[in-house]
Amino acid sequence: MPENLLPLLLIGPILLLLAVGIVGVLIREQHRRLRQEQEKQLLLAQQNELLEQQVALRTAEVVAQRNSLEQALQELRTTQTQLVQKEKMASLGELTAGIAHEIQNPLNFVNNFSEVSSELLAELEAEQQQAPGRSALETELLADLKQNLVRITQHGQRAAAIVRGMLEHSRASTGERKPTDLNALCEEYLQLAYQSARARHKNFTVTLTTRFAPGISPVSVVPQEVGRVLLNLLLNAFYAVRQRQQQSGPLYHPEVTVSTGVRGQQAVIKVRDNGLGIPAAIQDKIFQPFFTTKPTGEGTGLGLSLSYDIITKGHGGLLTLNTEPNEFTEFSIVLPL
């Protein structure tokens with residue numbers, strides 16, 4: 001082989017080795033760049049995860065603060081409503097007491113002089129019975145006077161009873177809440193309402209049914225105010241069954257039911273009667289002030305309105321109506337435990 005060809009033969013392997021070396025270097029550089037890219041991606045993922053955790057934590061803090069502020073605002077509104085209701089009740093009590101005291105003095109005058117006039121009339125009648133020659137006109141006039149005085153006395157005593165009730169109601173409530181046994185409260189006012197109804201109508205009888213849930217925890221309420229609501233609902237129930245009894249005759253059996261129970265975090269009192277019910281056309285108006293279904297002179301239209309304010313605004317509860325004309329009426333009092 002010519003000596004001048006030997007260097008040419010050696011150039012090929014050298015170039016091959018050089019190419020292999022260059023390729024190796026490029027591969028190592030590529031691996032290095034790939035590892036760096038993977039490390040960057042991993043670091044970026046860790047930073048993103050940390051950032052998401054921080055955002056979630058901050059969002060939870062903001063939501064918690066918002067919920068806390070909303071709860072504080074709701075409590076403030078509830079407290080404000082209760083304070084307004086207490087002020088209204090206090091003002092109503094003062095107004096009632098003032099009116100009752102103003103009425104009491106002339107009413108005592110009427111009752112006292114009615115009694116004295118009855119005694120004088122009895123003496124006059126006794127004297128005339130001994131005197132000869134009484135005319136029929138004198139006898140008739142004396143009888144009319146006696147009848148008029150009897151009516152004056154009856155209505156004066158009724159007015160005096162109303163005034164006493166107004167004074168009792170104005171003094172009853174202190175406006176302070178205290179833990180109250182709802183079962184005992186319902187039983188007390190059921191008997192009180194029934195005795196009141198019996199005092200007005202001697203021959204009135206009704207079946208009283210109680211379904212008290214045992215073990216109800218005491219509920220923080222103003223017992224006198226809730227008692228007023230119960231008394232009003234029960235008297236309305238007795239009125240409804242008595243009206244239906246007069247229309248239906250002896251086959252009808254009046255019944256008034258009072259029940260208590262617990263529903264979640266709420267205590268429920270229900271007053272139900274099988275009386276006339278309430279027509280659908282006026283059910284939406286039943287809690288409006290001065291609206292009444294009773295004849296003139298038998299209702300003021302303030303009982304249910306005041307009851308609604310006491311339960312909803314004064315105690316943060318609900319007062320609802322469920323009724324079917326000529327079947328039943330049921331009022332539900334819902335109070336937070």
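Along the sequence shown, residues carry numbers from 1.
No side-chain heavy atom of Lys40 sits under 4.5 Å from any side-chain heavy atom of Leu43. At least one side-chain heavy atom of Asn274 sits less than 4.5 Å from a side-chain heavy atom of Val241. At least one side-chain heavy atom of Thr257 sits under 4.5 Å from a side-chain heavy atom of Arg211. In this structure the side chain of Phe238 reaches within 4.5 angstrom of the side chain of Leu208, judged on heavy atoms. Contact of the Pro218 side chain with the Asp181 side chain is not registered, since no non-hydrogen atoms from C-beta on lie closer than 4.5 Å. Using a 4.5 Å heavy-atom threshold, the side chains of Leu235 and Ser196 count as touching.
Ion pair Arg228/Glu225 not flagged as a salt bridge, since none of the NZ, NE, NH1 or NH2 atoms sits closer than 4.0 Å to an Asp/Glu carboxylate oxygen. Comment: Glu29 engages Arg33 in a salt bridge, judged by a side-chain N to carboxylate O separation of less than 4.0 angstrom.
To the nearest 0.5 Å, atom NZ of residue Lys178 and atom CD of residue Gln224 are 6.0 Å apart. Annotation: the span from Arg177 atom CZ to Ser220 atom OG amounts to 5.5 Å, rounded to 0.5 Å. Note that CG of Leu276 and CD of Glu327 are 11.0 Å apart. Values are rounded to the nearest 0.5 Å. Between the CG atom in Leu69 and the CG atom in Leu73 there is a gap of 8.5 Å [rounded to 0.5 Å]. Considering CD of Gln247 and CG of Asn326, their distance stands at 7.5 Å, rounded to 0.5 Å.
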Check against side-chain contact (heavy atoms from CB on, under 4.5 Å), Cys186 and Ile269: CA-CA 8 Å; Cys186 290; Ile269 304 173; 3.7 Å; yes

Leu57 vs Glu61, side-chain contact (heavy atoms from CB on, under 4.5 Å): CA-CA, chis, key distance, verdict: CA-CA 6 Å; Leu57 181 61; Glu61 292 176 354; 4.0 Å; yes

Checking side-chain contact (heavy atoms from CB on, under 4.5 Å) for the pair Val256/Thr209: CA distance, chi angles, key distance, verdict? CA-CA 6 Å; Val256 172; Thr209 303; over 6 Å; no

Under the side-chain contact (heavy atoms from CB on, under 4.5 Å) criterion, do Val226 and Val222 qualify, and how do the steps go? CA-CA 6 Å; Val226 177; Val222 183; 5.8 Å; no

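Counting only N and O atoms by type, the side chains of Glu37 and Gln41 include a donor and acceptor under 3.5 Å apart. Of the N and O atoms on the side chains of Glu187 and Gln191, at least one donor lies less than 3.5 Å from an acceptor on the other residue.
In terms of heavy atoms, Pro336 sits closest to Gly316 at CD-O, 3.8 Å. Annotation for Leu318 and Ile311: closest pair O-CG2, 3.4 Å, computed over non-hydrogen atoms. Across all non-hydrogen atoms, the minimal contact from Pro254 to Thr205 is CG-O, 3.5 Å. Taking both residues in full, the closest heavy atoms of Leu185 and Gly227 are given as CD2-N, 4.4 Å, listed atom of the first, atom of the second, then distance.
A donor-acceptor pair under 3.5 Å is formed between the side chain of Ser248 and the backbone N or O of Arg244. Checked by atom type and distance alone, the side chain of Thr312 never pairs as donor or acceptor with a backbone atom of Ile310 at under 3.5 Å. Although no hydrogens or angles enter the test, the distance criterion places no donor-acceptor pair under 3.5 Å between the side chain of Thr260 and the main chain of Asn183. With Thr59 contributing its side chain and Val55 its backbone, the two residues share a donor-acceptor pair below 3.5 Å. Listed for the Thr323 side chain is a donor-acceptor partner under 3.5 Å among the backbone atoms of Ile278. The backbone N or O of Leu26 lies less than 3.5 Å from no partner atom in the side chain of His31, so there is not a single donor-acceptor pair.
Taking the centre and axis of the six-membered ring of Phe328, the NZ or CZ atom of Arg272 falls inside the cone set by 45° and 6.0 Å.
Using a 4.5 Å cut-off between side-chain heavy atoms of Ile, Leu, Val, Met, Phe, Trp and Tyr, with links allowed through other members, Val268 and Leu230 fall into different hydrophobic clusters. Both Leu190 and Val221 belong to a common hydrophobic cluster when Ile, Leu, Val, Met, Phe, Trp and Tyr are linked at side-chain heavy-atom distances under 4.5 angstrom. Residues Phe331 and Leu335 share a single hydrophobic cluster, defined by chaining ILVMFWY side chains whose heavy atoms lie under 4.5 Å apart. Following chains of ILVMFWY side-chain contacts shorter than 4.5 Å, one cannot reach Val219 starting from Val334, and the two form parts of different hydrophobic clusters. Using a 4.5 Å cut-off between side-chain heavy atoms of Ile, Leu, Val, Met, Phe, Trp and Tyr, with links allowed through other members, Ile333 and Ile216 fall into the same hydrophobic cluster.
Ring geometry, Tyr194 versus Phe204: the interplanar angle falls from 30° to 60°, so the pair is classed tilted.
Within a 6.0 Å radius of CZ in Arg198, other residues, nucleotides and ligands contribute more than 12 heavy atoms. Atom CD of Gln265 sits in a sparse spot, with 12 or fewer heavy atoms from other residues, nucleotides or ligands closer than 6.0 Å.
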